[in-house]
*Asks:* 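Have a look at this one before I ask anything.
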Amino acid sequence: MRYLNQLEPDALVARFVEHPPIDFRVLEAAGTPAFVAPFDLLTTADAEVRKRIARVPGYRWWGRLLRWRTAFVGTTVSEYALFPRTADPARLPGELRAQLGRGQRLMIVKDIPQDSPLCDAASRDWCTRFAEACQSGGFVLLEGQALAYVPIDFASEDEYLARLSSSRRKDIRRKLRKRDEVTVEAVACGDARFVDDAVVDAYYRLYENVYAQSEIHFDKLSRDFFAAVLRDASHGGVAFVYRHQDETIGWNLCFAIDGKLIDKYVGFAYPQAREQNLYFTSWFHNLAWAREQGLTHYVAGWTDPEIKSYLGAKFTLTRHAIYLRNPLLRALARRLGRFFESDSQWAKQADAQT
């Protein structure tokens, strides 16, 4: 049975359980997917706050005190927290607190959607009641990340670009000239080529390139995870493979499900991907593919909100419900919440541009 808020295929969530990210321990609490992992408390702090703290004398040594073993409710392969459809939103926070909150100093219910247009009305209402119950039950609600998406409500690329400012249209069209030098192949998961370990190894190295250049290092997925996903034909995943001069310079794993194209993972070869403006090429390829398939939305994920806003994405916000076992730390968290990552600026900016 699919969970509330679930956008991804069941098989992807199953592979997360079978092959969790490195140093993660997956479990279940009150019928809800969860995991325990090392967590740097500054991970979601604003970039400027992180820089200031890192400059404090002795951070190299005392900074280790900010890395806690933390219980998370949710997964890192789903856009949102996943809740059982039969769960009572008023009771679930207490059940999670009893099962997870006592065993770790910190518990985080991550990525609770806020009135998301990507979820059905029943899920939206349930999540509102759940968040209210979390707040009354001693959790601290913090603003989470902004999920980027694009409604496929345009008939052509030109119509889509016409919604952007003239300066952005000119810049994007200039960057897209490079796409004529790149070929794209859609390879379905389960394809015979993925039986070859060398092929999976090559894809994984490109994924590691992207992970290494990311500012935030939290959930590094394993090579076994990708092997299992790429070799599984049941979930309908497709890898868009980008080649330049017969060399693979990137790939993008997506899932078409329930009328949406869910963009999940990328791997790039550097510097070739940057030289070919592959991010721009893949964005417009995905929009065109979703339109051709008759899909209603392209869901572009959490990372890089600035460039996604520039490319015309809309955003829907989330909340995190955090529970600190120590009541003094809970009070401190309420006061410091404003210093942690706030992506609402991108949602406001996108609204202003429409």
Side-chain angles (χ1 to χ4, degrees), residues 1-21 24 26-28 31-35 37 72-85 87 109-114 116-120 122-124 126-127 144-152 186-190 194 203 207 210 218-222 224-240 251-267 282 286 289-290 293 295-303 308 313 315-318 320:
M1 180 174 62
R2 290 175 64 78
Y3 294 98
L4 287 168
N5 309 324
Q6 185 176 336
L7 305 182
E8 302 75 14
D10 294 335
L12 189 65
V13 178
R15 299 297 85 77
F16 172 82
V17 174
E18 295 170 1
H19 305 287
F24 280 38
V26 172
L27 48 100
E28 185 179 84
T32 302
F35 61 92
F72 290 86
V73 176
T75 81
T76 62
V77 301
S78 57
E79 305 296 355
Y80 293 129
L82 305 177
F83 301 115
R85 291 186 176 275
V109 185
K110 61 189 293 292
D111 304 323
I112 306 167
Q114 292 192 63
S116 170
L118 304 173
C119 297
D120 58 40
S123 295
R124 294 196 296 269
W126 192 100
C127 287
Q145 291 176 286
L147 177 62
Y149 71 99
V150 178
I152 309 300
V187 184
C189 289
F194 294 129
Y203 277 50
Y207 160 78
V210 175
F218 176 52
D219 60 326
K220 184 176 182 180
L221 293 161
S222 70
D224 288 343
F225 171 84
F226 281 108
V229 172
L230 292 170
R231 291 169 178 169
D232 184 357
S234 70
H235 49 59
V238 58
F240 299 117
W251 65 281
N252 181 198
L253 182 60
C254 298
F255 299 87
I257 181 170
D258 294 338
K260 304 177 185 69
L261 182 65
I262 313 297
D263 189 338
K264 275 298 175 186
Y265 306 113
V266 296
S282 64
N286 289 348
W289 194 88
Q293 298 297 314
L295 304 180
T296 61
H297 292 82
Y298 168 49
V299 182
W302 304 105
T303 59
K308 289 173 181 174
F315 295 90
T316 178
L317 296 174
T318 63
H320 303 316

*Asks:* Would you say the ring centers of W126 and F83 fall short of 6.0 Å from each other?
*Replies:* yes
*Asks:* Is the ring centre of W251 less than 6.0 Å from the ring centre of Y207?
*Replies:* no
*Asks:* Going from CZ on F315 to NZ on K308, what distance comes out if it is rounded to the nearest 0.5 angstrom?
*Replies:* 7.5 Å
*Asks:* Can S234 and D232 be counted as having a side-chain donor-acceptor contact under 3.5 angstrom?
*Replies:* yes
*Asks:* Describe, in one word, how the ring planes of F35 and F24 are oriented to each other, choosing from parallel (under 30°), tilted (30 to 60°) and perpendicular (over 60°).
*Replies:* parallel
*Asks:* Tell me whether E28 contacts the main-chain N or O of P33 through its side chain, where contact means a donor paired with an acceptor under 3.5 Å.
*Replies:* no
*Asks:* Which atoms form the tightest heavy-atom contact between G144 and H320, and what is the distance?
*Replies:* CA-NE2, 3.5 Å
*Asks:* What heavy-atom pair brings A313 and V150 nearest, and what distance separates the two atoms?
*Replies:* CA-CG2, 4.0 Å
*Asks:* How would you list, by chain and number, every residue that makes a salt bridge (Lys or Arg N to Asp or Glu O under 4.0 Å) with R124, sequence neighbours excluded?
*Replies:* D115
*Asks:* Which atom names give the shortest non-hydrogen contact between Y3 and G31, and what distance separates them?
*Replies:* CE2-O, 3.6 Å
*Asks:* So, taking the atom named CG in L7 and the one named CG in L82, what distance separates them when rounded to the nearest 0.5 Å?
*Replies:* 8.5 Å
*Asks:* Show me the side-chain donor-acceptor pairs of residues 252-260 shorter than 3.5 Å, one per line, residues at least two apart or across chains.
*Replies:*
| from | atom 1 | to | atom 2 | distance (Å) |
| --- | --- | --- | --- | --- |
| N252 | OD1 | N286 | ND2 | 2.9 |
| N252 | ND2 | D263 | OD1 | 2.7 |
| N252 | ND2 | Y265 | O | 3.1 |

*Asks:* Using the ring of each side chain (for Trp, its six-membered ring), is Y149 parallel, tilted or perpendicular to H297, with breaks at 30° and 60°?
*Replies:* tilted
*Asks:* Flag the pair I152 / T296 as yes when at least one side-chain heavy-atom distance between them is below 4.5 Å, and no otherwise.
*Replies:* no
*Asks:* Walk me through it: do Y298 and I262 pass the test side-chain contact (heavy atoms from CB on, under 4.5 Å)?
*Replies:* CA-CA 6 Å; Y298 168 49; I262 313 297; over 6 Å; no
*Asks:* Report yes if the side chains of S282 and V266 come closer than 4.5 Å at any heavy-atom pair, otherwise no.
*Replies:* no
*Asks:* Between R15 and E8 (salt bridge meaning N to carboxylate O under 4.0 Å), is one present in this structure?
*Replies:* no
*Asks:* Between F225 and V77, is any pair of side-chain heavy atoms under 4.5 Å apart?
*Replies:* yes
*Asks:* Enter the distance from S222:OG to F16:CZ here, rounded to the nearest 0.5 Å.
*Replies:* 11.0 Å
*Asks:* Evaluate the side-chain proximity of K110 to Y80: yes if any heavy-atom separation is below 4.5 Å, no if none is.
*Replies:* no
*Asks:* Taking all heavy atoms of C189 and all of F194, pick out the closest pair and write down the distance.
*Replies:* CA-CE1, 4.3 Å
*Asks:* side-chain contact (heavy atoms from CB on, under 4.5 Å) between Q6 and S78: does it pass, once the steps are laid out?
*Replies:* CA-CA 7 Å; Q6 185 176 336; S78 57; 5.9 Å; no
*Asks:* Indicate yes or no: at least one non-hydrogen side-chain atom of P21 is less than 4.5 angstrom from one of T76.
*Replies:* yes
*Asks:* At what distance, to the nearest 0.5 angstrom, does CD of Q114 lie from SG of C127?
*Replies:* 10.0 Å
*Asks:* What heavy-atom pair brings P9 and R2 nearest, and what distance separates the two atoms?
*Replies:* CA-NH1, 3.9 Å
*Asks:* Minimum heavy-atom separation for T316 and P117, please, with both atom names.
*Replies:* OG1-CD, 3.6 Å
*Asks:* What verdict does the side-chain contact (heavy atoms from CB on, under 4.5 Å) test give for D111 and E79, after you've listed the backbone C-alpha separation in whole Å, the side-chain angles of each residue and the deciding distance to 0.1 Å?
*Replies:* CA-CA 7 Å; D111 304 323; E79 305 296 355; over 6 Å; no
*Asks:* Output yes when a side-chain donor or acceptor of R231 lies under 3.5 Å from a complementary backbone atom of G190, and no otherwise.
*Replies:* no
*Asks:* So, taking the atom named CG in N5 and the one named CD1 in I112, what distance separates them when rounded to the nearest 0.5 Å?
*Replies:* 9.0 Å
*Asks:* Would you check if T32 and P84 make a side-chain contact, meaning some heavy-atom pair closer than 4.5 Å?
*Replies:* yes
*Asks:* Could you walk me through whether L12 and V229 pass the side-chain contact (heavy atoms from CB on, under 4.5 Å) test, one step at a time?
*Replies:* CA-CA 7 Å; L12 189 65; V229 172; 4.0 Å; yes
*Asks:* Let me confirm one number: the CG-CG distance from L317 to L147, rounded to the nearest 0.5 Å.
*Replies:* 9.5 Å
